[in-house]
Amino acid sequence: MPTVSVNPELLQWAITRSGLQEEDLRERFPKLDEWLSGKRSPTFRQLEEFARVTMTPFGLMFLPEPPVEKFSIPDFRTRGNKPVATFSPNLIDTLQAMQRRQAWMREWLIEQGAEPLAFVGSLSTNRNVRSAAQRIRQDLDLDPGWASGLRTWEIALQTLRAAVERVGVIVFSNSVVGMNNTRPLDPDEFRGFVLCDDYAPVVFLND
C-alpha cells in the first residue's frame, strides 16, 4: 500500500503536543518507532488516524517542519496562578472555538448598531485593588456585601454570572471540548480564560 512522506519531526511534535505517552501510541501504531526514525512512512489512512488520535489538524502533517503555535492570551486562570507555558490540543481547540464565537458576536453587535462597552479597558493594572474591585462592583450594580446573604458559593456564582452577562460580557462554561465527552478539559492546565473585546468580551469557565 502506498505510503505518505512525512517529516518524522512532525510526528514527534504531534506526540509531544498531544500529551499522550509514546508507550500507549505504540500499542495503536506498532510501526511508530520506524516512522519516528524515518525508516518507514505511514500510509495515508495510518497518518489520518495518527492525526486524529493525537488531536492534530490533519493538514499540519504535510508541513516541511513543525509549526510554532503562538497565542497572545495573557488572561488565564490557573491553579496557583502559574503561567501557561504550553497549550494542550484541548485548550487550543476550546480557545479557537471561543475566538470564532466572539468574532461572530462582535460582527453581529456592530451590525445591530451596538455601542462599544465603556468599561472595557477603563481600569489600569496600577490601580489599587480595593478601588478597582469597588468600581467593578458598581458597574455590575451589586450592593456591598452582596454575597454574604447567599447560602452557597454556587448561588453566588450564578448571581455574579447573571450580573456580568447583564452588562454585556458573554460567559461560556464547559468541561469538555465542544460536545466531545472523550476530551475533558484539565483543571490543572487552566480554570478559565478571558478574551477581551470592546463589543463582545468573553469569559470561559472550565467546569
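Worth knowing before you read on, the calculation uses all heavy atoms, side chains too, and leaves out hydrogens, waters and symmetry mates. Heads up: numbering here begins at 1 and tracks the sequence.
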**Study point:** Ring centre gap for F190 and F87 strictly below 6.0 Å
**Key:** no
Check your understanding: Where does the angle between the aromatic ring planes of W108 and W104 fall among parallel (under 30°), tilted (30 to 60°) and perpendicular (over 60°)?
Key -> parallel
**Study point:** Lys/Arg N to Asp/Glu carboxylate O, R106 vs D198, below 4.0 Å
**Key:** yes
Point to revise | Gap between atom OG1 of T56 and atom CG of L11 - 0.5 Å precision | key: 9.5 Å
Review point. With side chains defined as the heavy atoms from C-beta onward, is the minimum distance between L160 and L140 less than 4.5 Å?
Key: yes
Practice item. May I ask you to decide whether R52 forms a salt bridge with E48, counting only side-chain N to carboxylate O separations under 4.0 Å? Key: no
Exercise for review: Go through the side-chain N and O atoms of R17 and S88 and say whether any donor and acceptor fall under 3.5 Å apart.
Suggested key: no
Practice item. Go through the steps for R26 and E22 under the test salt bridge (Lys or Arg N to Asp or Glu O under 4.0 Å), then give the verdict. Key: CA-CA 6 Å; R26 286 190 185 96; E22 286 191 22; 3.0 Å; yes
Check your understanding: Would you call E49-R45 a salt bridge at under 4.0 Å N-O?
Key -> no
Check your understanding: Has the side chain of N7 got a donor or acceptor atom that lies under 3.5 Å from a matching backbone atom of P64?
Key -> yes
Review point. Between D93 and R183, is the closest basic N to carboxylate O distance under 4.0 Å?
Key: yes
**Study point:** Check: F193 ring centre within less than 6.0 Å of F204 ring centre
**Key:** yes
Check your understanding: Above 12 or not: heavy atoms from other molecules or residues under 6.0 Å from CD of E115?
Key -> no
Review point. Mind checking whether N174 and T94 have side chains closer than 4.5 Å, heavy atoms only?
Key: no
Point to revise | Modelled atom types, side-chain donor and acceptor of Q112 and E107, under 3.5 Å | key: no
Review point. With a cut-off of 6.0 Å (strictly less than), are more than 12 heavy atoms of other residues, nucleotides or ligands near CZ of R127?
Key: yes
Exercise for review: Decide if atom CG of N128 counts as having more than 12 heavy atoms of other residues, nucleotides or ligands within a radius under 6.0 Å.
Suggested key: yes
Practice item. Check M61 against L10 and note the closest heavy-atom contact, atom names and distance. Key: O-CD1, 3.5 Å
Review point. Are side-chain N/O atoms of N206 and R191 paired as donor and acceptor at under 3.5 Å?
Key: no
Check your understanding: Side chains of Q12 and P66: closer than 4.5 Å at any heavy-atom pair?
Key -> no
Point to revise | K39 and E34 ion-paired at < 4.0 Å | key: no
